[in-house]
Amino acid sequence: MQLSGLMLGMIIMFTTPTWPAIVDAFTRRDFDWVKRVTKRLWLLVGGYCGAALIGLPLVGTFILPLIFGKEFQVTPALLFAFALYFATSSWGHTNNALLIGVGLVKKAAVYSLAETSIILIPAAIGIYFFGLSGLFVGMALAMIAITGWIFPLMLINRIRTESLTPAIV
């Protein structure tokens with residue numbers, strides 16, 4: 001739990017200050033700025049999550065017990081499964097913040113609620129057959145299948161649609 005809190009704290013530091021600025025730029029119809037920030041945020045979060053996907057399984061079994069105590073013993077497979085869940089969760093959080101910025105709060109909330117309900121099925125199957133690693137992988141796959149691709153498409157479509165609409169003066 002402490003590990004996910006530490007890692008997610010970085011994602012929140014990336015995204016929280018961004019969405020009010022996106023609201024402002026979107027309202028001013030500065031769509032080029034919104035596109036640039038979206039790409040940068042995707043690259044930043046993607047790089048951070050990629051580092052977690054590679055780094056946690058490789059060095060986590062050695063470093064994490066030093067940070068959290070000797071009783072913190074995990075396998076590289078479990079760390080990879082957790083990192084996969086963390087990456088998909090962070091991707092969803094990032095795109096959710098961007099959707100808030102472009103005014104799609106209700107749509108994002110509906111999809112997030114649906115995902116939260118649906119995610120229980122693969123999570124339960126995963127934990128039953130494969131333990132904690134299965135839980136993380138099941139949740140990650142559900143997130144990829146639902147908001148992992150829908151949120152970015154909603155965002156791109158919203159920016160494209162608004163940029164083609166003439167401004168009302």
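Both backbone and side-chain heavy atoms feed into the values below; hydrogens, waters and symmetry mates do not. Sequential numbering from 1 along the given sequence is applied to the chain's residues.
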What is the ring orientation for Tyr111 with Phe151, classed by angle as parallel under 30°, tilted 30 to 60°, or perpendicular over 60°?
->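 Rings of Tyr111 and Phe151: perpendicular, over 60°.
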Mutual orientation of the aromatic rings belonging to Phe72 and Phe68 [parallel < 30°, tilted 30-60°, perpendicular > 60°] = tilted
Are [X] and [Y] close enough that some pair of their side-chain heavy atoms sits under 4.5 Å apart?
| X | Y | answer |
| --- | --- | --- |
| Leu64 | Leu79 | yes |
| Trp19 | Leu98 | no |
| Leu66 | Phe62 | no |
| Thr75 | Thr61 | no |
| Pro122 | Leu141 | no |

Just do the side-chain contact (heavy atoms from CB on, under 4.5 Å) check on Phe82 and Leu132 with the steps written out, would you?
-> CA-CA 9 Å; Phe82 170 76; Leu132 196 53; over 6 Å; no
Rounded distance [0.5 Å steps], [atom1] in [X] versus [atom2] in [Y]:
| X | Y | atom1 | atom2 | answer |
| --- | --- | --- | --- | --- |
| Ile144 | Ile150 | CD1 | CD1 | 13.0 Å |
| Thr88 | Leu53 | OG1 | CG | 9.0 Å |
| Cys49 | Leu84 | SG | CG | 10.0 Å |
| Ile22 | Thr38 | CD1 | OG1 | 5.0 Å |
| Leu113 | Ile118 | CG | CD1 | 9.5 Å |
| Ser90 | Asn96 | OG | CG | 12.5 Å |

Which atom of Ala52 lies closest to which atom of Pro57, heavy atoms considered | O-CD, 3.7 Å
Please report the shortest heavy-atom distance between Ala123 and Met139, naming the atom on each side.
-> CB-CG, 3.7 Å
In one Ile/Leu/Val/Met/Phe/Trp/Tyr side-chain cluster, 4.5 Å: [X], [Y]:
| X | Y | value |
| --- | --- | --- |
| Ile12 | Met143 | yes |
| Trp42 | Leu99 | yes |
| Trp33 | Leu44 | yes |
| Ile100 | Val34 | no |
| Leu104 | Phe31 | yes |

Would you check if the side chain of Tyr48 reaches a backbone N or O of Met7 as a donor-acceptor pair within less than 3.5 Å?
-> yes
Please confirm whether the backbone N or O of Gly148 pairs with a side-chain atom of Trp91, one donor and one acceptor, at under 3.5 Å?
->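 Judged by distance alone, yes, a pair lies under 3.5 Å.
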What residues form a side-chain contact (heavy atoms from CB on, under 4.5 Å) with Ile127, not counting sequence neighbours?
-> Leu135
List the steps and the verdict of side-chain contact (heavy atoms from CB on, under 4.5 Å) for Phe14 and Leu41.
-> CA-CA 7 Å; Phe14 297 153; Leu41 200 55; 4.1 Å; yes
Take Tyr85 and Val137 through the test side-chain contact (heavy atoms from CB on, under 4.5 Å) and record every step on the way to the result.
-> CA-CA 6 Å; Tyr85 162 72; Val137 171; over 6 Å; no
Taking atom CZ of Arg40 as the centre, report whether more than 12 heavy atoms of other residues, nucleotides or ligands fall under 6.0 Å from it.
->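 No - once you tally the heavy atoms of other residues, nucleotides and ligands closer than 6.0 Å, there are 12 at most.
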Taking atom CZ of Phe86 as the centre, report whether more than 12 heavy atoms of other residues, nucleotides or ligands fall under 6.0 Å from it.
->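 Yes - once you tally the heavy atoms of other residues, nucleotides and ligands closer than 6.0 Å, there are more than 12.
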Evaluate side-chain contact (heavy atoms from CB on, under 4.5 Å) for Met154 paired with Arg158, printing each intermediate quantity in order.
-> CA-CA 6 Å; Met154 286 170 54; Arg158 174 73 169 177; over 6 Å; no
Is any NZ, NE, NH1 or NH2 atom of the basic residue among Arg36 and Asp32 found under 4.0 Å from an Asp or Glu carboxylate oxygen of the other?
-> no
Residues clustered with Leu120, ILVMFWY side-chain links under 4.5 angstrom | none
